[in-house]
Amino acid sequence: MRLVTWNVNSISARMPRVLELLAAEQPDVACLQETRVTDAAFPHLELLQAGYTAVTHGTSSRNGVAVLAREPLDAAPAAVGLPGEPDPSEARWVEADVAGLRVASVYVPNGQAVDTPAFADKLTFLEHAAERAAKLVAHGPAVITGDVNVCPTDADAWDITALHGGTHATDAERERLAAVLDAGLVDAYRSVRPHDGNEAFTWFDYRGGAYHRREGLRIDHVLASPHVAARVRDAWVARPYRKGSKPSDHAPLFVELADDGQPGRAS
DNA sequence: ATGACTTGCTATGCAAGA
């Protein structure tokens with residue numbers, strides 16, 4: 001089974017690239033973030049013509065998450081919103097049951113700057129994500145995936161000093177991401193590619209030619225429950241989707257899972 | 001130069017992204 005997570009930075013602006021990816025890569029599940037449309041305005045019809053059904057949690061202009069699947073999804077999401085999140089109206093969490101998995105698509109708050117209310121809200125959001133993770137892991141096979149907006153280690157940034165002590169790589173954020181993993185999840189990418197450098201980056205600033213200078217961050221993650229983690233055969237960043245015509249500032253992150261019941265790649 | 005793009009807004013410059 002092939003899963004992809006991608007912050008599309010507006011599905012309206014990105015529809016040609018989204019359709020390109022679905023046709024070329026044929027993911028079984030696609031978790032999208034920053035769809036930036038209301039549920040009513042979500043392009044269900046075009047996606048259906050491409051062979052995908054979707055559950056969404058969106059709001060006008062900002063944020064918004066979705067799960068797409070080649071198998072028909074229930075019209076209603078398995079869960080909408082993250083219990084305890086600071087502002088449920090921001091539309092940052094949605095869950096679907098697909099291919100025997102509970103799949104959560106998440107867009108963690110950016111945090112703007114340390115010592116802002118937005119940063120405090122980011123930490124609170126991550127704390128509740130850890131609580132939700134524990135519940136999902138206890139429930140069964142699960143994947144929490146999306147734009148987590150945290151670099152787990154210094155190796156996950158092109159130049160840790162370039163972050164100027166700002167968000168995404170503070171101890172406070174890393175401790176809270178670690179707590180999410182401690183709930184029983186595995187960083188699927190690092191489980192198979194522990195030593196990758198800049199090929200692991202999933203976000204590159206639009207400005208200054210950052211992509212072509214390979215100056216990015218690894219902030220999009222696939223976090224898998226133990227049963228799913230054992231099925232991870234490969235993981236990769238699809239860098240070509242970060243360039244070309246009207247790209248998102250994030251590259252898609254793919255994970256290939258062995259079929260349920262088959263042995264996963266031991267690494 | 002902690003800017004450099006890109007997006008959506010009810011705009012004609014701005015906030016926000018990370």
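Note on naming: letters A, B, ... go to the chains in the order of the sequence lines (proteins, then strands), and numbering restarts at 1 for each one. Below, each value reflects all heavy atoms present in this structure, side chains not excepted, and no hydrogens, waters or symmetry copies.
Here B:dG17 presents its P atom at 8 Å from CG of A:N63, a figure rounded to the nearest Å. Atom P of nucleotide B:dG17 and atom CD of A:Q33 are separated by 15 Å, given to the nearest angstrom. Counting to the nearest Å, the C1' atom of B:dG17 and the CD atom of A:Q112 are 9 Å from each other. A:D249 places its CG atom 17 Å from the P atom of B:dA16, with the value rounded to the nearest Å. The CG atom of A:N7 sits 20 Å away from the P atom of B:dC5 (whole-angstrom rounding).
A:W203 is not listed as a side-chain neighbour of A:R242, based on a closest heavy-atom distance of 4.5 Å or more.
Comparing the C1' positions of B:dA15 and B:dT10 gives an interatomic distance of 15 Å, to the nearest angstrom. Distance noted for atom P between B:dA1 and B:dG13: 27 Å (whole Å). To the nearest whole angstrom, the two C1' atoms, one in B:dT2 and one in B:dA16, are 15 Å apart. Comparing B:dA11 with B:dT6, their C1' atoms are spaced 15 Å from each other, to the whole Å.
By the side chain to side chain donor-acceptor pair (under 3.5 Å) test, A:T167 pairs with no residue at all, sequence neighbours left out. A:A40 is linked by a side chain to side chain contact (heavy atoms under 4.5 Å, CB included) to A:T38, counting only residues two or more places apart in sequence or in another chain. Remark: A:S61 engages no residue in a side chain to side chain contact (heavy atoms under 4.5 Å, CB included) (not counting sequence neighbours). Listed by chain and number, the residues in a side chain to side chain donor-acceptor pair (under 3.5 Å) with A:E127 are A:R176 (sequence neighbours excluded). A:D39 is linked by a side chain to side chain contact (heavy atoms under 4.5 Å, CB included) to A:T56, counting only residues two or more places apart in sequence or in another chain. In this structure, A:S225 has no side chain to side chain donor-acceptor pair (under 3.5 Å) partners at least two apart in sequence or on a different chain. A search for side chain to side chain donor-acceptor pair (under 3.5 Å) contacts involving A:S10 returns nothing, not counting sequence neighbours.
Using a 4.0 Å heavy-atom distance criterion, A:D220 is classed as making no nucleic acid contact. Contact annotation for A:D147: backbone-only contact, meaning every heavy-atom pair under 4.0 Å involves sugar-phosphate atoms and none involves a base.
At a cut-off of 3.5 Å, with distance as the only test, a side-chain donor of A:Y189 or A:D196 sits close to an acceptor on the other residue.
Residues of residues 207-219 of chain A having a heavy atom closer than 4.0 Å to DNA chain B, listed by number: A:R207, A:L217, A:I219. Heavy-atom distances under 4.0 Å link DNA chain B to no residue of residues 114-122 of chain A.
A:V4 shares a hydrophobic cluster with A:W6, A:V8, A:I11, A:M15, A:V18, A:L19, A:L21, A:L22, A:L32, A:V37, A:F42, A:L47, A:Y52, A:L68, A:W236, A:Y241, A:F254; the chain of contacts runs through ILVMFWY side chains whose heavy atoms sit under 4.5 Å apart. Other cluster members for A:L126: A:L82, A:W93, A:V106, A:V108, A:F125, A:L136, A:V137, A:I144, A:V148, A:V150, A:L177, A:V180, A:L181, A:L185, A:L223, joined by side-chain heavy-atom distances under 4.5 Å among Ile, Leu, Val, Met, Phe, Trp and Tyr.
Judged by closest nucleotide on DNA chain B, A:D205 is the one of A:D205 and A:T167 placed further toward the 5' end.
Minimum interatomic distance between A:H57 and A:R92 (heavy atoms only, all atoms of both residues): CD2-N, 4.1 Å.
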Taking protein heavy atoms under 4.0 Å as touching, what does nucleotides 6-15 of chain B look like 5' to 3' if B marks base contact, S marks sugar-phosphate-only contact and - marks none?
SBSS------
